[in-house]
Amino acid sequence: MADYSHDDSHGHPENPIKYYIGVFVLLMVMTLLTYVVATRDLGSLNALVALTIAVIKATAVILIFMHVRWSSRLTQVIVVASVFWLLIMLSFTLSDYFTRGGWPTGLGAY
Amino acid sequence: MAEHATHVEGLAHHFVSMEQQKEAGMVGMWLFLLTEVMFFGGLFLAYTIYRTIYPQGFLYGSHLLNVKLGGTNTVVLIVSSLTMAMAVYYSQKGEKKKLIGFLTVTLLLGLAFLVIKYFEYASKIQDHLFPAVGLYAPETSGAHGVPLELQQPVRVFLWIYFMMTGLHALHMIVGAGILLTLILMARKGKFTKNYNSPVEISGLYWHFVDIVWIFLFPLLYLTGAHLSSGSGH
């Protein structure tokens with residue numbers, strides 16, 4: 001979560017290196033976790049878990065490495081908007097594809 | 001309005017202050033990254049749709065990729081993101097030596113990624129798994145070859161694999177060029193405590209490219225990892 005109480009402060013924390021190391025450790029642990037989980041058969045949950053871990057990793061990179069946690073409100077709005085626009089594109093297109101009568105069901109086996 | 005033009009090192013004439021200039025640069029970069037999100041988003045969309053059509057083809061195709069090399073590259077990129085963040089930090093501190101050091105390490109890690117990627121591509125082409133006409137002969141790849149009924153679905157997967165990782169690698173090449181430019185600029189003493197926007201903005205780009213890989217690695221390499229190796233179904 002972005003800390004909006006600091007929205008227009010350009011002040012980065014006194015010592016951001018400890019945050020950077022923290023994110024680095026998180027990314028490494030999450031990478032190991034995503035591999036371990038992927039080797040277990042969880043059925044359709046495999047994809048969901050993989051994506052959840054990837055989203056957590058991406059969020060950490062955006063907030064800390066890309067300084068969005070300490071950026072201006074305007075920058076934070078653009079970041080949120082980019083995610084929102086991506087979701088519009090994904091959800092509208094997929095809702096179209098997945099509700100088409102002409103879905104190539106015969107190919108689904110492969 | 002600035003009444004008189006006191007020259008500030010690194011301040012372009014159409015900005016009032018260094019702060020305003022920096023903010024404009026950051027906002028501009030984030031808008032560019034937004035277009036990049038949509039750009040890669042289209043490919044992730046194609047991935048989702050084709051994976052739904054050809055679930056078995058994607059599981060089998062995922063098995064054909066080298067998880068060790070893909071995983072190594074994931075670690076390489078994570079470390080490079082850390083060193084890039086450190087480079088940005090030292091550019092803010094105005095510590096030239098450490099800035100150049102971390103930029104150089106980041107560049108070397110980026111190049112390591114590309115070298116590993118090259119070997120991955122080369123082995124795919126050697127195994128006749130590059131999906132282009134004349135180069136795709138999956139029946140000859142591996143011990144028994146790709147099963148006949150999966151050859152077309154696997155080909156779709158491989159197109160998506162080469163398209164997505166190729167576009168990502170292209171971004172890495174551009175990123176390496178940017179890093180080299182930054183190193184040369186830093187050596188000439190272009191960056192100071194007050195002026196380091198190029199380093200910060202390039203950092204955003206580098207981290208973005210890392211984020212793309214964070215999604216590519218599990219979706220492409222690990223999708224079939226829970227199945228016994230080689231069979232794919």
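Heavy-atom basis, side chains included; hydrogens, waters and symmetry copies ignored. So that the names make sense, note that chain A is the first sequence line, chain B the second, and so on, each numbered from 1.
- Proximity to chain B (any heavy atom under 4.5 Å) is shown, for A:Asp41, by both the backbone and the side chain.
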Solution key, residues 86-94 of chain B side-chain donor-acceptor pairs under 3.5 Å, sequence neighbours excluded:
residue : atom : partner  : partner atom : Å
B:Ser91 : OG   : B:Val88  : O            : 2.7
B:Gln92 : NE2  : B:Glu200 : OE2          : 3.0

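- Of residues 86-93 of chain A, those residues with a non-hydrogen atom less than 4.5 Å from any non-hydrogen atom of chain B are, in numerical order, A:Leu86, A:Met89, A:Leu90, A:Thr93.
- Contact annotation for B:Ile211: only side-chain heavy atoms (C-beta onward) come within less than 4.5 Å of a heavy atom of chain A.
- Scanning residues 37-48 of chain B against chain A with a 4.5 Å non-hydrogen threshold yields B:Val37, B:Met38, B:Gly41, B:Gly42, B:Leu45, B:Thr48, sorted by number.
- Listed options B:Thr223, B:Val79, B:Val212 were ranked by heavy-atom pairs under 4.5 angstrom with chain A; first place goes to B:Val79.
- Judged as a side chain to side chain donor-acceptor pair (under 3.5 Å), the pairs with a partner in residues 18-38 of chain A (not counting sequence neighbours) are, in order, A:Tyr20-A:His67, A:Thr31-A:Lys57.
- Put simply, of B:Leu82, B:Val75, B:Val27, B:Val154, the one with the most heavy-atom pairs under 4.5 Å next to chain A is B:Leu82.
- Annotation: side chain of B:Ile214 is not in contact with side chain of A:Met30 (no heavy-atom distance under 4.5 Å).
- Of the residues considered (A:Leu42, A:Ile17, A:Leu74), A:Ile17 shows the highest number of contacts with chain B, using heavy-atom pairs under 4.5 Å.
- B:Thr52 places none of its side-chain heavy atoms less than 4.5 Å from the side chain of A:Tyr97.
- Residues B:Met84 and A:Phe65 form no side-chain contact, since every pair of their non-hydrogen atoms from C-beta on lies 4.5 Å or further apart.
- Note that CZ of B:Phe208 is 8.5 Å distant from OG of A:Ser82, once rounded to the nearest 0.5 Å.
- Remark: B:Tyr50 OH is loosely packed, at most 12 non-hydrogen atoms of other residues, nucleotides or ligands lying under 6.0 Å away.
- The shortest side-chain heavy-atom distance between A:Val55 and B:Phe215 falls under the 4.5 Å cut-off.
- Both the backbone and the side chain of B:Leu31 come within contact range of chain A, each with at least one heavy atom under 4.5 Å from a heavy atom of that chain.
- Of all the listed residues (B:Gly203, B:Ser81, B:Gly71), the one sharing the greatest number of non-hydrogen pairs under 4.5 Å with chain A is B:Ser81.
- The CD atom of B:Glu19 lies 10.5 Å from the OG atom of A:Ser72; values are rounded to the nearest 0.5 Å.
- When side chains are defined from C-beta on, B:Met26 does not count as touching A:Ser71, because their heavy atoms never get closer than 4.5 Å.
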